[in-house]
Enquirer: 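Provided herewith is a single structure, encoded as C-alpha cells, for subsequent inquiry.
What's counted below: heavy atoms across the whole structure, side chains too, no hydrogens, waters or symmetry copies. Per chain, numbering begins at 1; letters A, B, ... match sequence-line order.
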Number of protein chains: 2
Amino acid sequence: MPETIDIQLKKGVLGLCVLAVLARNESYAYEIASHLSDAIGMGEGTIYPLMRRMQTDGLVATYMVESPAGPSRKYYKLTDAGRAALEAQRDEWRGFASAVDALLEPLPATPAPLEEA
Amino acid sequence: MPETIDIQLKKGVLGLCVLAVLARNESYAYEIASHLSDAIGMGEGTIYPLMRRMQTDGLVATYMVESPAGPSRKYYKLTDAGRAALEAQRDEWRGFASAVDALLEPLPATPAPLEEA
DNA sequence: ATATATACCTTGCATCAACAGGTAGCTTGT
DNA sequence: ACAAGCTACCTGTTGATGCAAGGTATATAT
C-alpha cells in the first residue's frame with residue numbers, strides 16, 4: 001500500500017471501519033484512531049467528529065473509564081442500531097468494491113470476428 | 001448490490017473507473033456514463049465535470065466523431081499519463097480495499113487463556 | 001514548575017459527486 | 001413547418017465528509 005491513501009477514497013468508509021473495530025472490542029476514540037491510522041492512514045484528529053456523528057446517529061453508546069496514565073478515556077460500544085448499520089454498510093461496501101474490481105479487470109481477449117463467406 | 005450506493009463511497013473512485021473503462025475501449029462521455037450508471041450507479045450528469053477535470057489533468061485526449069443519430073460525440077482516449085495514473089490508482093484502490101476488507105473480517109475466536117498454576 | 005505523553009475536542013477548509021437546469025442536433029411523425 | 005422524442009453535451013450550486021490546525025486537560029516524571 002502506498003504511503004498515503006487519497007483522502008477521497010476514505011470518504012464514507014471510515015464509519016464502517018469504526019463499526020467493524022467496535023464489533024471486535026469496545027474501545028476508546030484515541031485507540032480506534034490509532035488502529036485506523038495503522039490500517040488505512042486515517043488522521044488522528046478525524047476520529048472525534050466522526051465518533052460524535054455516530055453517537056448522534058445512535059450507532060454507538062459511551063462510558064468513561066479511568067486511565068492508568070493520562071486523562072480518563074471515553075469508551076464506545078455498538079448499539080443495536082450500530083450492529084444493524086454494520087451489516088448493511090458491510091454488504092454495501094462489498095457490493096460496491098466488487099463492482100469496482102470488476103471494472104478494473106481487463107476483459108479477456110476476444111477472438112477476431114470471422115470474415116463473411 | 002443495494003439499489004443505491006452511498007454517494008460518499010464513490011468519492012475518489014469514479015476517475016479510476018473511467019480510466020479502466022477507457023483502457024478497454026475509447027468511448028464518448030454519454031456512453032461512459034451509461035456504463036458507470038449500470039456498474040455502480042453513477043448519475044449521468046456527473047460524467048462531464050469529471051471528464052473535463054481528467055482532460056485538464058492530461059489523463060485523456062479527445063476527438064469528435066459524427067453520430068448516426070443525434071449530435072456529434074466527443075470521444076476520449078487515455079494518454080500515457082492516463083495509463084500511468086490507471087496503474088497507480090488501481091494499486092492504491094486494491095491496497096485500500098484489501099485493508100478495509102481485513103478490518104471487516106471477524107477475528108478468529110481466541111482460546112481462553114490458561115489459568116496460572 | 002516544567003516537560004512529556006496520553007486523551008480529548010472544535011472549527012474552517014478543500015474536494016468531489018450529485019443534480020437541477022439548460023443547450024443543441026438529428027430523426028420521425030403530423 | 002413544427003412538435004415530439006431521443007441522443008449528447010454542459011455548467012454552477014449544493015451538501016457531505018476527511019483533514020488538520022489549533023486548542024484544552026490530566027497524569028507522571030524530573
Enquirer: Does Tyr48(B) put a side-chain nitrogen or oxygen below 4.0 Å from OP1 or OP2 of dC9(D)?
Expert: yes
Enquirer: Rounded to whole Å, please give me the gap between CD in Gln55(A) and P in dT10(C).
Expert: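 One finds 10 Å between P of dT10(C) and CD of Gln55(A), rounded.
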Enquirer: DNA chain C: Gly70(A) or Gly12(B), which has the more 5' nearest nucleotide?
Expert: Gly70(A)
Enquirer: Nearest whole angstrom, please: distance from the C1' of dC19(C) to the CD1 of Ile47(B).
Expert: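 Between C1' of dC19(C) and CD1 of Ile47(B): 14 Å.
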Enquirer: Assign Leu14(B) to base, sugar-phosphate, or nothing according to its heavy-atom contacts below 4.0 angstrom with the strands shown.
Expert: sugar-phosphate
Enquirer: In this structure, would Val13(A) and Ile7(A) fall into the same cluster of hydrophobic residues linked by side-chain contacts under 4.5 Å?
Expert: no
Enquirer: What is the distance from CG of Leu50(B) to C1' of dC19(C), rounded to the nearest Å?
Expert: 15 Å
Enquirer: Give a yes/no on whether any side-chain N or O of Thr46(A) is located under 4.0 angstrom from OP1 or OP2 of dA20(D).
Expert: no
Enquirer: Please determine, for the side chain of Lys74(B), which listed nucleotide (dC10(D), dC9(C), dG18(D)) has the closest atom?
Expert: dC10(D)
Enquirer: Using heavy-atom distances to pick each residue's nearest nucleotide on DNA chain D, tell me which of Pro71(A) and Lys11(A) is more 5'.
Expert: Lys11(A)
Enquirer: Give the rounded distance in Å between these two atoms: CD of Glu66(A) and C1' of dA25(D).
Expert: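 Taking CD of Glu66(A) and C1' of dA25(D), I get 14 Å after rounding.
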Enquirer: Please walk me through it: do Ile47(A) and Leu14(A) pass side-chain contact (heavy atoms from CB on, under 4.5 Å)?
Expert: CA-CA 9 Å; Ile47(A) 195 68; Leu14(A) 294 186; over 6 Å; no
Enquirer: Does the side chain of Lys10(B) get closer than 4.0 angstrom to OP1 or OP2 of dC16(C) through an N or O atom?
Expert: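 False: Lys10(B) side-chain N/O out of range (4.0 Å or more) of dC16(C) OP1/OP2.
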Enquirer: Between Ser72(A) and Pro49(B), name the one whose nearest nucleotide on DNA chain C is closer to the 5' end.
Expert: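 Nearer the 5' end of the strand: Ser72(A).
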Enquirer: Pairing donors with acceptors under 3.5 angstrom, does anything connect the side chains of Glu26(B) and Tyr63(B)?
Expert: yes
Enquirer: Of all the nucleotides listed (dA18(C), dA7(C), dG25(C)), which has the minimum atom distance to the side chain of Tyr30(A)?
Expert: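 Of the options given, the side chain of Tyr30(A) lies nearest dA7(C).
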Enquirer: Under 4.0 angstrom, heavy atoms only, what part of the nucleic acid is Gly45(A) near: base, sugar-phosphate, or nothing?
Expert: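 If one applies the 4.0 Å heavy-atom cut-off, Gly45(A) turns out to touch a base.
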Enquirer: Using atom CD of Gln8(A) as one end and atom C1' of dC16(C) as the other, report the distance to the nearest whole Å.
Expert: 5 Å
Enquirer: Arg53(B) side chain N/O closer than 4.0 Å to the phosphate oxygens (OP1, OP2) of dA17(C)?
Expert: yes
Enquirer: Across the strands shown, which category fits Gly15(B) at heavy-atom distances under 4.0 angstrom: base, sugar-phosphate, nothing?
Expert: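 It contacts nothing in the nucleic acid.
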Enquirer: Check the distance between dC16(C)'s P and Ile7(A)'s CD1 and give it to me in whole angstrom.
Expert: 9 Å
Enquirer: Does the side chain of Tyr28(A) get closer than 4.0 angstrom to OP1 or OP2 of dA7(C) through an N or O atom?
Expert: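 Yes, because at least one side-chain N or O of Tyr28(A) sits under 4.0 Å from OP1 or OP2 of dA7(C).
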Enquirer: Check every atom of dC8(C), dA8(D), dT11(D) against the side chain of Glu44(A) and return the nucleotide holding the closest atom.
Expert: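 My answer, after comparing the listed nucleotides, is dC8(C).
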Enquirer: Any idea which of dC8(C), dT10(C), dA17(C) is nearest the Arg73(A) side chain?
Expert: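 Out of dC8(C), dT10(C), dA17(C), the nucleotide with an atom closest to Arg73(A)'s side chain is dC8(C).
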Enquirer: For Phe96(A) and Trp93(A), take the angle between the two ring planes, folded into 0 to 90°, and tell me which bin it lands in: parallel under 30, tilted 30 to 60, perpendicular over 60.
Expert: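 Ring orientation of Phe96(A) relative to Trp93(A): tilted.
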Enquirer: Does CZ in Arg24(B) sit with more than 12 non-hydrogen atoms of other residues, nucleotides or ligands closer than 6.0 Å?
Expert: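 Count over threshold, so yes.
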Enquirer: Provide the closest heavy-atom pair for Glu92(B) versus Thr4(A) in the form atom of the first, atom of the second, distance.
Expert: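 Nearest pair, atom of Glu92(B) first, then Thr4(A): OE2-O, 3.6 Å.
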Enquirer: Could you give the CG-to-P distance, from Leu9(A) to dA17(C), as a whole number of Å?
Expert: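 From Leu9(A) CG to dA17(C) P: 10 Å.
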Enquirer: Could you tell me how far apart Met64(A) (CE) and dT6(C) (C1') are, to the nearest whole angstrom?
Expert: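 Whole-Å distance recorded here is 13 Å.
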Enquirer: Report yes if a side-chain nitrogen or oxygen of Ser67(B) is closer than 4.0 Å to either non-bridging phosphate oxygen (OP1 or OP2) of dT7(D); otherwise report no.
Expert: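 Checking dT7(D) against Ser67(B), no side-chain N or O comes under 4.0 Å of OP1 or OP2.
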